[in-house]
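Working notes, structure below.
Numbers for residues simply follow the sequence, beginning at 1. Just so it is clear, the structure is predicted and the values come from calculations on it, not from any experiment.
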Amino acid sequence: DALIGDIETLYALGKYDEALAALGREADRSPEFAHDPRRLLWSGNLWFRKAITQEKDTERREQLNAAVDFYRKGLEQFPESWDLKFNYELASLILAQENPLRREKREEDQKKRILPRIRTDQQRQRRVLPPEERG
């Protein structure tokens, strides 16, 4: 419990690498802790937080994969954990959107929808309604 409190503090301070190292050291020392749902959840949370602050695409995907892996391991052992379920689904969804091919397709679709609506500085021709269509 004390270690998890320390991890929460490090997480709040943005010291993700330090928190991951502490969780890893404790998991190496204690096989029971290696499978503890709190360790798996916090490890996933730390990797997820690192990923969303990462600017490099490849590193962001690797870190999201690590988060998903920890959440999945936690769910395999503790399928009733709503925190693990929610975080697994969220991280998986974001990871799927990070797929470069899927992102390119999504961006291309957005361009096709948006570009025809862009206004230019050219005068638009106004259509004059005939008297019978005027309100």
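- Once rounded to the nearest 0.5 Å, the distance linking CG of Asp36 with OG of Ser43 reads 10.0 Å.
- Summarising the geometry, atom CD belonging to Gln63 is positioned 5.0 Å from atom NZ belonging to Lys50; distances are rounded to the nearest 0.5 Å.
- The only member of Arg49, Glu62, Glu59 that meets side-chain hydrogen bond (donor to acceptor under 3.5 Å, both in side chains) when paired with Gln54 is Glu59.
- Annotation: cation-pi pair Lys85/Tyr88 absent, no NZ/CZ under 6.0 Å from the ring centroid and within 45° of its normal.
- The line from CD of Gln77 to NE2 of His35 is 6.0 Å long, rounded to the nearest 0.5 Å.
- Taking 4.5 Å as the limit, every side-chain heavy atom of Ile7 sits out of range of all side-chain heavy atoms of Asn45.
- Checked by atom type and distance alone, the side chain of Ser30 never pairs as donor or acceptor with a backbone atom of Ala27 at under 3.5 Å.
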**Step-by-step side chain to side chain contact (heavy atoms under 4.5 Å, CB included) determination, Leu64 to Trp47** = CA-CA 7 Å; Leu64 282 169; Trp47 280 111; over 6 Å; no
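- Ion pairing of Lys73 with Glu76 is absent here, as no side-chain N (NZ or NE/NH1/NH2) approaches a carboxylate O to less than 4.0 Å.
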**Message:** Go through it in stages, so that I can follow the logic: the residues are Leu41 and Tyr71, the test is side chain to side chain contact (heavy atoms under 4.5 Å, CB included), and I'd like the CA-CA distance, side-chain angles, deciding distance and then a yes or no.
**Reply:** CA-CA 6 Å; Leu41 176 69; Tyr71 295 142; 4.1 Å; yes
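- One finds the CZ atom of Phe33 at 11.0 Å from the CZ atom of Arg25 (value rounded to the nearest 0.5 Å).
- Note: Leu20 CG to Leu10 CG = 10.0 Å, rounded to the nearest 0.5 Å.
- No continuous path of hydrophobic side-chain contacts links Leu75 to Leu46 [ILVMFWY only; heavy atoms under 4.5 Å].
- Residue Leu3 is grouped with residue Leu40 when hydrophobic side chains (ILVMFWY) are merged at heavy-atom distances under 4.5 angstrom, including chains of intermediate members.
- Partners of Asp69 under the side chain to side chain donor-acceptor pair (under 3.5 Å) rule, at least two apart in sequence or in another chain, are Arg72.
- For Glu132, the CD atom counts as densely surrounded, since its 6.0 Å shell holds more than 12 non-hydrogen atoms of other residues, nucleotides or ligands.
- Connection of Phe70 to Leu90 is not established within any shared hydrophobic cluster, with ILVMFWY side chains joined at heavy-atom distances below 4.5 Å, either directly or through further cluster members.
- Between Thr53 atom OG1 and Phe48 atom CZ the span is 10.5 Å, to the nearest 0.5 Å.
- No path of Ile, Leu, Val, Met, Phe, Trp and Tyr side chains, each step under 4.5 Å between heavy atoms, connects Tyr11 with Ile52, placing them in separate hydrophobic clusters.
- Smallest separation of non-hydrogen atoms from Gly44 and Ala67: O-CB, 3.4 Å.
- In terms of hydrophobic clustering, with Ile, Leu, Val, Met, Phe, Trp and Tyr side chains grouped at heavy-atom distances under 4.5 Å, Ile4 and Leu84 are assigned to different clusters.
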